Number of protein chains: 2
Amino acid sequence: MRNKNSIIRLSRYKNALRRLKTMGFGRIFSDNLADAIGVNSCQVRKDFSIFGISGNKRGGYQIDELIEHLNNILGKNIIQHAIIVGAGNIGAALAKYEGFEKDGIRIDAVFEADPLKVNPRADIPVLAADDMIEFIQKNDIRIGIIAVPESAAQQVLDLMVLSGVKGILNFAPIRLRAPRECVVNNVNLVLELENVIYFSNLLEKALEKDAQEA
Amino acid sequence: MRNKNSIIRLSRYKNALRRLKTMGFGRIFSDNLADAIGVNSCQVRKDFSIFGISGNKRGGYQIDELIEHLNNILGKNIIQHAIIVGAGNIGAALAKYEGFEKDGIRIDAVFEADPLKVNPRADIPVLAADDMIEFIQKNDIRIGIIAVPESAAQQVLDLMVLSGVKGILNFAPIRLRAPRECVVNNVNLVLELENVIYFSNLLEKALEKDAQEA
DNA sequence: ACCTTCTTGTGATTTTTTTCACAATAATTA
DNA sequence: TAATTATTGTGAAAAAAATCACAAGAAGGT
């Protein structure tokens, strides 16, 4: 785990590679890939170097091999099973999102506290929250997605961990506490948007200033 | 812009502060705040120092003042108007998400290419994609959210920029090209989940190894 | 077969970010 | 009011990440 960011980039590379492949490329150079994800080419080579991926001097990298290699590193050559907790806006959208399946991630079920939203016959079944622990244990689920309100999030996490979940993607806008043996990754939508607002304001001010000085 | 991460943390602080306030706190120390968002206390003080926020030695920080100050820095003392393009799973969920409004971000409209999904009378109106440029210009919209498929994303960005949008939050899983005067922030849900999978696998292997060695 | 050209792979360097450590100082207590 | 204690604010140090720069080695040309 030499660099936490490099692993995020590996996923990006894989994405870009898939696109480049459909565009007809069979091999690729570090600078093409760098362009595609917006970093510089040594970054690409260094990332590959860290994970022991090697190419061919002057010949670049074979795309198929590269994707295979990345999938191995990312644990994507086996289908990954996950559940979502919370069938609200975000939870429901994630359940319907096709992007996961395409990437070897299967959402096995959604869990929801509101009995009116429970629907075991849906394409992806929406089950009662009380059945979560049993489901996780029976199906050996390792990955959970939390899409419940802030106030319920910690409790959901605790139950997941208790049942054996090892990795959690959390959409509740709050920092959750998890034991060492469980990884938590947070996505905070408001925060991402605030970030855009801040930097675009900043940029606008900087450009105005430049214009005045010129 | 001394440190790109510090601005992200400012949003997190603000979030935590709101929570701490509802819990009855009136003032706060750097180590409480650090705990709340999971960093160490010098980080908090250094972040504040960078943005000229100061507290009271031994007295800590007044929460109300601090929130006010953060809102100023983040440009959140004025309501920020934004639009969403794409009324699919993600776009629709974002439109319904209450988190934005609470934070002074108003979604003024959603734009959608599919005429069947257009509904100008919805709570947040869903308008025809062709009307986007005019809407952005008339309403002086600066912030756009892209929630369309990968294949349409670049085109949407280009139109937004052309119309005057200065900051974009992109949910399409692709790197978009934007001119210097427009900030783009990417959220890639599959990638976030892959990250969880990678690190939880890694952790599990590491723990197994520890157990064997012990 | 040799020369030229292009691209990888990586140690060294630079830049960025985080953490340390402690002087300065406000609140609290005696 | 003086002594004590807790907490800030920040330069300096350490750690982490990105970039440079170039030797090594394939591919293609002559």
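Please read these numbers as outputs of a predicted model, since none were measured by experiment. In what follows, chains carry the letters A, B, and so on, assigned in the order in which the sequence lines appear, proteins first and then strands, with residues in each chain numbered from 1.
Listed candidates were C:dA24, C:dT18, D:dC20. Nearest to the side chain of B:Arg9 is C:dT18. With D:dG9, C:dG9, C:dC20 as the choices, the nucleotide that has an atom nearest any side-chain atom of A:Lys57 turns out to be C:dG9. Of the candidates D:dA18, D:dT7, C:dC20, D:dA18 carries the atom nearest the A:Gln43 side chain, counting heavy atoms from C-beta on. Between C:dT10, C:dC6, C:dT8, one nucleotide has an atom nearer to the side chain of A:Lys46 than all others, and that is C:dT10. The nucleotide whose nearest atom lies closest to any side-chain atom of B:Asn56 is, among D:dC20, C:dT8, C:dA26, C:dA26. Of the candidate nucleotides C:dC22, C:dT5, C:dT8, C:dT8 has the atom nearest to the side chain of A:Arg45.
Among the protein residues, B:Tyr61 comes within range of the sugar-phosphate backbone only, with heavy atoms under 4.0 Å from sugar or phosphate atoms but none that close to a base. Among the heavy atoms of the strands lying under 4.0 Å from A:Asn5 are primed sugar atoms or P, OP1, OP2 only; no base atom is included. Nucleic acid contact class of A:Ser41 (heavy atoms, under 4.0 Å, all strands): none.
Ionic pairing of B:Asp64 and B:Lys21 is present here: one or more N-O contacts between side-chain nitrogen and carboxylate oxygen are shorter than 4.0 angstrom.
A heavy-atom distance below 4.5 Å is not found between the side chains of B:Leu94 and B:Ile107. The closest side-chain heavy-atom distance from A:Leu157 to A:Asn170 is not below 4.5 Å. Side-chain contact between B:His69 and B:Phe48 is absent, with no heavy-atom pair separated by less than 4.5 Å.
Checking the phosphate oxygens (OP1, OP2) of C:dT10, a side-chain nitrogen or oxygen of A:Ser49 falls inside 4.0 Å.
A:Arg58 contributes a side-chain N or O that forms a donor-acceptor pair with the base of D:dA27 under 3.5 Å.
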